[in-house]
Amino acid sequence: MKQPFNVLVLDDNHDILTASRIFLKQHFAQVVTLHEPAQLQSMLGSQPFDLLLLDMNFSRDTQSGEEGLFYLKQALKARPGLKVVMMTAYAALPLAVRAMQLGAANFIAKPWQNEQLLEALQQALLQQPQPGSPGHSGAANSKTAAAETIPLLGDSPAMQQVLRTIEKVAKTDANVLLLGESGTGKALVAQAIHQASQRAAAPLVSVDMGSLSSSLLESELFGHKKGAFTDAKSDYAGRFVQANGGTLLLDELGNLPLAQQAKLLTALQSRTVVPVGGSQSVAVDIRLVCATNEDLYQAVAEGAFRQDLLYRINTVEVVLPPLRARKSDIAQLLDWYLKHYSQKYQRDALQISSSDKHKLQQYDWPGNVRQLAHAVERAVVLAEGSTLDFSQLPTVAASDSAVHTADNDFFLDFVEEKTIRQALQYYQGNVSQAAKALGLTRGALYRRLEKYGL
Ligand SMILES: Nc1ncnc2c1ncn2[C@@H]1O[C@H](COP(=O)(O)OP(=O)(O)OP(=O)(O)O)[C@@H](O)[C@H]1O
């Protein structure tokens, strides 16, 4: 059965293009080949590609791979979140490392066996983008978030209040604005609202607004008609239409440029969208949830965010408190994630020492629940005995109960390097396995290997 992904192959060699098209068409929904790298950007703008297979060298007299790296950067800028697999006839690790550092998802040396190519592409598609990495987006790959099964935990009064609000708001179609620091659970709350609503059977489509370039924004959100711009080869239904009947989560809304805010406001007011290049408006029935870790009120005061848009989206506002403000939730979160990851990695009878537990409850968790979940996952993966080792966290490693400040970044680097060394040792130098265990993409691990000279 064909996989539902659209693949673009860019190479200056016609034989490679023909061979890859014939082979990949058997496995993927759509395969488009491109001979001219100058057309890459417009091609990416015209269709929602999931995967780019990109040659490293376009001029026959160079083996440096610089051109490939240039087009890699261009592709990720045009389509953040795109999975890019680099191919080169001059397989060289340093080049692979550089490509991964720049956000490539995988690497394959020419000439390849068809099966190797397929495996490289499938591995790339399975990769989760790292927050903050060049390939991270969630925008172009807007996803239905219903697959997550993590419950929204928290017995603290602050979280109980949040849960009560969610329960009430879920039954209505009111617009919801989720505010809170990164990692506090805004996406999880959006999911909980969707799942508890009448719209649960329809999709929850999430769009990372911060990573959409202004040229792509309109087409991505509202869709486009075939021929609307160069290389718009087919009609494209935007995210509003994809979310029809369900919930649309506009994430990182605070990063939206003013010009785009006006267009978004118009769509929200009319509840219709006009695809780029189209003349007819299309009615959409969505519940809108917006999320941001920016202070939108401050942004309004500074003229960076439209007040009318803020009032349109904030019918109900939910503020997710940082974990340091609800430390009584930490014990429950530690227990749940310990069980969750013990099952996932099939590790029985693991426990957290009572002194570590105490320190973890005092810790400020600057990365909030996401950081806590990652810390437990790492500790489970790297556990040697039955008691978890949290020495990668400064609060546990240090004799006093340290908190994260700019001053101990150096110390964090130290423990990060130590953890990476341990993981590589444990997996006998296998970078893919070590990266998986550390919760990093291979690209992110390569970046750190370079940083620490490992
Ligand atoms: N209350 C919670 N209970 C259980 N897990 C949680 C909770 N809040 C957050 N998490 C965990 O933390 C991770 C990060 O949460 P989420 O992505 O919802 O945060 P966010 O506020 O949207 O972050 P960002 O602003 O960086 O996108 C989730 O994958 C989930 O595992």
Side-chain angles (χ1 to χ4, degrees), residues 80-81 128-133 135-139 141-167 176-196 204-212 247-256 289-296 299 317-345 360-361 363 365-380 439-440 444:
Q128 291 296 317
Q130 280 300 103
S133 76
H136 173 68
S137 149
N141 290 341
S142 297
K143 60 207 178 245
T144 53
E148 277 281 24
T149 51
I150 295 174
L152 198 53
L153 303 169
D155 287 334
S156 61
M159 273 312 283
Q160 286 301 309
Q161 177 63 42
V162 168
L163 293 171
R164 276 196 297 277
T165 309
I166 291 173
E167 207 177 309
V176 182
L177 176 61
L178 303 172
L179 300 170
E181 290 178 13
S182 184
T184 46
K186 298 183 294 298
L188 213 53
V189 168
Q191 201 177 306
I193 291 174
H194 176 71
Q195 280 165 0
L204 163 60
V205 174
S206 114
V207 189
D208 184 344
M209 306 291 278
S211 59
L212 285 172
T247 305
L248 181 65
L249 168 61
L250 300 182
D251 210 353
E252 305 303 348
L253 190 71
N255 299 325
L256 195 64
V289 179
C290 297
T292 181
N293 46 31
E294 304 281 319
D295 182 341
L296 287 189
E317 217 170 81
V318 181
V319 181
L320 274 297
L323 193 49
R324 65 182 170 279
R326 47 184 172 106
K327 287 188 168 170
S328 60
D329 287 341
I330 293 175
Q332 185 194 18
L333 287 164
L334 287 172
D335 286 347
W336 193 88
Y337 278 105
L338 174 58
K339 207 166 149 206
H340 177 72
Y341 289 121
S342 299
Q343 274 167 5
K344 179 173 172 187
Y345 295 107
L360 293 170
Q361 284 172 289
Y363 184 48
W365 298 104
N368 295 298
V369 187
R370 179 181 289 122
Q371 186 193 9
L372 181 145
H374 283 174
V376 175
E377 182 173 16
R378 273 187 198 135
V380 167
L440 297 172

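In what follows, residues are counted from 1 in the order of the sequence shown. Start at 1 and go down the list; that is how both ligands and their atoms are numbered.
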Please check whether [X] reaches ligand 1 - meaning an N/O of the residue sits under 3.5 Å from an N/O of the ligand, judged on distance alone.
X: Arg370; answer: yes
X: Tyr337; answer: yes
X: Gly183; answer: yes
X: Leu188; answer: yes

Could you walk me through whether Val207 and Asp251 satisfy the side chain to side chain contact (heavy atoms under 4.5 Å, CB included) test, starting with their C-alpha distance in whole Å, then the side-chain angles of each, then the deciding distance to 0.1 Å, before giving a yes or no?
CA-CA 6 Å; Val207 189; Asp251 210 353; over 6 Å; no
Can you name the atoms of ligand 1, numbered from 1 with element, that are less than 4.0 Å from a heavy atom of [X]?
X: Leu333; value: 3 (N), 4 (C)
X: Leu152; value: 1 (N), 2 (C), 3 (N)
X: Glu252; value: 25 (O), 27 (O)
X: Pro151; value: 3 (N), 4 (C)
X: Ile150; value: 4 (C), 5 (N), 31 (O)
X: Gly185; value: 8 (N), 9 (C), 15 (O), 16 (P), 18 (O), 19 (O), 20 (P), 21 (O)
X: Glu181; value: 21 (O)

Of the backbone atoms (N, CA, C, O) and the side-chain heavy atoms from C-beta on, which set of [X] has a member under 4.0 Å from an atom of ligand 1: side chain, backbone, both, or neither?
X: Ala291; value: neither
X: Val369; value: both
X: Asn293; value: side chain
X: Ala187; value: both
X: Val189; value: neither

Parallel, tilted or perpendicular: which one describes the rings of His340 and Tyr337, with boundaries at 30° and 60°?
perpendicular
Can you list the residues that meet the side-chain hydrogen bond (donor to acceptor under 3.5 Å, both in side chains) rule with Gln371, with sequence neighbours excluded?
Tyr363
Mind checking side-chain hydrogen bond (donor to acceptor under 3.5 Å, both in side chains) for Asp335 and listing every partner two or more places apart, or none if nothing turns up?
Lys357
Any carboxylate oxygen within less than 4.0 angstrom of a Lys/Arg side-chain nitrogen, looking at Glu181 and Arg370?
no
Could you go through the side chain to side chain contact (heavy atoms under 4.5 Å, CB included) check for Leu334 and Leu360 one step at a time?
CA-CA 9 Å; Leu334 287 172; Leu360 293 170; 3.9 Å; yes
Start with the C-alpha gap between Leu179 and Val318, add the side-chain angles, then the distance that decides, and say whether side chain to side chain contact (heavy atoms under 4.5 Å, CB included) holds.
CA-CA 6 Å; Leu179 300 170; Val318 181; over 6 Å; no
Please check if any side-chain donor atom of Thr184 sits under 3.5 Å from a side-chain acceptor atom of Asn368, or the reverse.
no
Would you please test Leu248 and Val289 for side chain to side chain contact (heavy atoms under 4.5 Å, CB included) and show each step?
CA-CA 6 Å; Leu248 181 65; Val289 179; over 6 Å; no
Kindly check if the number of other-residue, nucleotide or ligand heavy atoms within 6.0 Å of CD (Glu167) is above 12?
no
